[in-house]
K.L.:
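Got a structure here, written out as structure tokens. Questions coming.
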Amino acid sequence: MIAAAFLSSAMSFDKTLEVGSNAPKIETIDGTNVGYDANSKKTKLISFWNPKKPASRIANRNLSLEYGENSEQNIEFVSICTDSDEALMKEVMKIDGINAQNVYSYSEISPRVFKDYNVEDTPKAYMISSEGKIVEIF
């Protein structure tokens, strides 16, 4: 039984995400769902980024400018930092003027999320429908 549980969890980490795939759950370490929400009509744009990587930082800023607090498009922008330096994340976000409805540091997100979304290399962003399907990958 333990082996079956291990194998089923390992299989989810190896899955290649593509447009049309079911999006893996995105939870904080305390179990709060910050990914898609079936009770909401909003699409989520999840941006995984690293403040120490210029291309990643620019991509997160550009997504923030385009989608941050954009009620016309009915999109909720969620910024998730993949670096453990929370003070640096906050400083960079202030300098870059990041406009995200929800911001999470590495230490707030379940470690499984980073494996499920294969975000060892950033920037990476996913547009997820309220039904939990990936509709675009950036």
Side-chain angles (χ1 to χ4, degrees):
M1 189 155 145
I2 293 172
F6 175 75
L7 289 174
S8 66
S9 66
M11 288 171 51
S12 67
F13 298 149
D14 295 333
K15 184 177 180 200
T16 301
L17 297 179
E18 55 191 33
V19 172
S21 297
N22 288 325
K25 196 171 197 174
I26 301 174
E27 289 182 328
T28 61
I29 56 171
D30 66 4
T32 303
N33 177 22
V34 298
Y36 69 90
D37 182 356
N39 297 319
S40 171
K41 298 292 183 197
K42 284 195 172 189
T43 297
K44 298 263 186 151
L45 176 58
I46 311 295
S47 173
F48 294 97
W49 69 287
N50 187 315
K52 295 176 183 171
K53 297 181 178 182
S56 184
R57 186 174 161 179
I58 291 167
N60 191 56
R61 182 177 185 276
N62 289 344
L63 289 172
S64 167
L65 290 172
E66 187 169 350
Y67 297 103
E69 292 186 16
N70 193 336
S71 59
E72 288 180 23
Q73 293 188 43
N74 206 28
I75 295 171
E76 182 179 340
F77 179 59
V78 179
S79 180
I80 299 176
C81 181
T82 62
D83 188 85
S84 59
D85 189 340
E86 190 170 344
L88 176 63
M89 175 196 80
K90 289 178 181 179
E91 180 181 336
V92 165
M93 290 187 74
K94 184 177 178 181
I95 291 167
D96 291 350
I98 302 301
N99 187 14
Q101 287 88 348
N102 293 296
V103 177
Y104 299 93
S105 67
Y106 177 84
S107 62
E108 295 174 293
I109 297 293
S110 169
R112 187 199 85 246
V113 172
F114 300 106
K115 291 179 183 177
D116 287 353
Y117 280 87
N118 191 24
V119 292
E120 292 170 3
D121 195 24
T122 60
K124 193 170 273 188
Y126 295 88
M127 184 87 69
I128 303 171
S129 72
S130 60
E131 293 82 27
K133 298 284 186 188
I134 295 173
V135 294
E136 190 169 351
I137 300 172
F138 301 83

K.L.:
Under the rule for side chain to side chain donor-acceptor pair (under 3.5 Å), what residues qualify as partners of D83, not counting sequence neighbours?
P.N.:
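In terms of side chain to side chain donor-acceptor pair (under 3.5 Å), with neighbours along the sequence ignored, D83 is linked to K52.
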K.L.:
If you round to the nearest 0.5 Å, how far is CD of E108 from CE of M89?
P.N.:
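Here the interatomic distance stands at 6.5 Å.
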K.L.:
Could you give the distance from OG (S40) to CG (N74), rounded to the nearest 0.5 Å?
P.N.:
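Between atom OG of S40 and atom CG of N74 there are 7.0 Å.
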K.L.:
According to side-chain contact (heavy atoms from CB on, under 4.5 Å), who are the partners of E27, at least two apart in sequence or on a separate chain?
P.N.:
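E27: side-chain contact (heavy atoms from CB on, under 4.5 Å) contacts with K25, R112.
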K.L.:
Is there a side chain to side chain contact (heavy atoms under 4.5 Å, CB included) between I109 and V34? Walk through the geometry before answering.
P.N.:
CA-CA 9 Å; I109 297 293; V34 298; 4.3 Å; yes
K.L.:
Is it the case that W49 and S79 place a side-chain donor and acceptor less than 3.5 Å from each other?
P.N.:
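W49 vs S79: donor-acceptor pair found between side chains.
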K.L.:
Any salt bridge linking E76 with K44? Criterion: basic side-chain nitrogen under 4.0 Å from a carboxylate oxygen.
P.N.:
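K44 and E76: salt-bridged.
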K.L.:
Can you check whether N60 reaches I98 side chain to side chain, under 4.5 Å on heavy atoms?
P.N.:
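Heavy-atom side-chain distance check passes, below 4.5 Å.
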K.L.:
I need the R61 CZ to S47 OG distance, nearest 0.5 Å.
P.N.:
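Answer rounded to 0.5 Å: 13.0 Å.
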K.L.:
Under the rule for side chain to side chain donor-acceptor pair (under 3.5 Å), what residues qualify as partners of D30, not counting sequence neighbours?
P.N.:
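Once residues adjacent in sequence are excluded, the partners of D30 under the side chain to side chain donor-acceptor pair (under 3.5 Å) criterion are T28, T32.
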K.L.:
Please list all pairs meeting salt bridge (Lys or Arg N to Asp or Glu O under 4.0 Å) that have one or both residues in residues 125-138, counting only residues at least two apart or in different chains.
P.N.:
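Salt bridge (Lys or Arg N to Asp or Glu O under 4.0 Å) check on residues 125-138 returns no pairs.
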K.L.:
To the closest 0.5 Å, what do you measure between NZ (K90) and CD1 (I95)?
P.N.:
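K90 NZ to I95 CD1: 14.5 Å, rounded to 0.5 Å.
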K.L.:
To the nearest 0.5 Å, what is the distance between CD1 on I128 and CD1 on I46?
P.N.:
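Spacing of CD1 (I128) from CD1 (I46) equals 5.0 Å.
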K.L.:
Considering all heavy atoms of both residues, which atom of V19 and which atom of I137 are nearest to each other, and what is their separation?
P.N.:
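Closest heavy-atom pair between V19 and I137: N-CD1, 4.0 Å.
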K.L.:
Do the side chains of T16 and S21 get nearer than 4.5 Å, heavy atoms only?
P.N.:
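Not in contact.
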K.L.:
Quick one: pull up OG in S64 and CG in L45 and give me the separation to the nearest 0.5 Å.
P.N.:
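Output value for this atom pair is 10.0 Å.
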K.L.:
Report yes or no: do F138 and L65 belong to one cluster of Ile/Leu/Val/Met/Phe/Trp/Tyr joined by side chain heavy-atom distances under 4.5 Å?
P.N.:
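Unlinked, F138 and L65 end up in two clusters.
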K.L.:
List for me each residue that meets side chain to side chain donor-acceptor pair (under 3.5 Å) alongside S56, sequence neighbours excluded, and say none if there are none.
P.N.:
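T122.
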K.L.:
Are the side chains of I80 and V119 in touch, meaning some heavy atoms are under 4.5 Å apart?
P.N.:
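No, too far: nothing below the 4.5 Å cut-off.
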K.L.:
Hey, is K42 close enough to D37 for a salt bridge, meaning N to O under 4.0 Å?
P.N.:
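So K42 does not pair with D37 through a salt bridge.
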K.L.:
Scan for ring-ring contact (aromatic ring centres under 6.0 Å, His included) pairs involving residues 95-128, sequence neighbours excluded, and state none if there are none.
P.N.:
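The answer is F48-Y117, Y106-F114, Y117-Y126.
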K.L.:
Is the closest side-chain heavy-atom distance between M127 and I134 below 4.5 Å?
P.N.:
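No. Closest side-chain heavy atoms not under 4.5 Å.
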K.L.:
Would you call P51 and C81 a side-chain contact if the rule is heavy atoms closer than 4.5 Å?
P.N.:
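In short, these two side chains touch, coming nearer than 4.5 Å.
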K.L.:
Please tell me whether L63 and V135 are part of a single hydrophobic cluster in this structure, the criterion being side-chain heavy atoms less than 4.5 Å apart.
P.N.:
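Yes; V135 is reachable from L63 via cluster members.
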